[in-house]
Amino acid sequence: MDTRQQSGTAGDNQTTSSAQRSEYLRNKALAAAINDGESVAGAARRYGVSRQRAYKIKRRWDADGDSGLPPRSRAARTIANRTDAVLASRIVELRKQLEKDGPDAGAESIAARLCVCSIESGPCERVESLQMSGRF
């Protein structure tokens, strides 16, 4: 890796923190303008954000003060389609039992023994996803 690439990587980290700092300062100025009596729509237009975003920043300012203004993570807090740990362990247990009993230890056999096979939830798909993830 040459020097330009190394310095570019460090610069990217600075750019990210610089962008976060800029967003924080913009949010602070926006909240101050609204608190000083400027209309939310006018302040939003002036600072280049939507009216809805300006209201969200104002709510965060009212609730948390300065600590509510930095940009927040947009990452999911939970994974909606994650298989429950209890169900996953039950599936692994059934698979081991079925492998010991005979040749058929596939997703459909496991789902049939779970007695929860439905068209929407699809335990068969869950079993296959566990196979792909290497959990059994």
Contacts table for residues 37-46: side-chain donor-acceptor under 3.5 angstrom, sequence neighbours left out:
residue, atom, partner, partner atom, Å
E38, OE1, R46, NH1, 3.3
E38, OE2, A43, N, 3.3
S39, OG, G42, N, 3.0

Show me the donor-acceptor pairs, under 3.5 Å and distance only, between side chains in residues 53-68 and residues at least two apart or in other chains.
residue, atom, partner, partner atom, Å
R53, NH2, E23, OE2, 3.4
K58, NZ, D62, OD2, 2.9
D64, OD2, R72, NH2, 3.3
S67, OG, D64, O, 2.8

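A search for side-chain hydrogen bond (donor to acceptor under 3.5 Å, both in side chains) contacts involving R51 returns nothing, not counting sequence neighbours.
Put simply, OG on S109 and CG on D101 are 11.0 Å apart, with the number rounded to the nearest 0.5 Å. Atoms CG and CD, from L98 and E93 in turn, are 10.5 Å apart once rounded to the nearest 0.5 Å. Atoms CG and CG, from L94 and L87 in turn, are 9.5 Å apart once rounded to the nearest 0.5 Å.
A pairwise comparison of heavy atoms in Y24 and P71 identifies N-CD, 4.4 Å as the closest pair.
Salt-bridge annotation for E99 and K96: absent, with no side-chain N of the basic residue lying under 4.0 Å from a carboxylate O of the acidic one.
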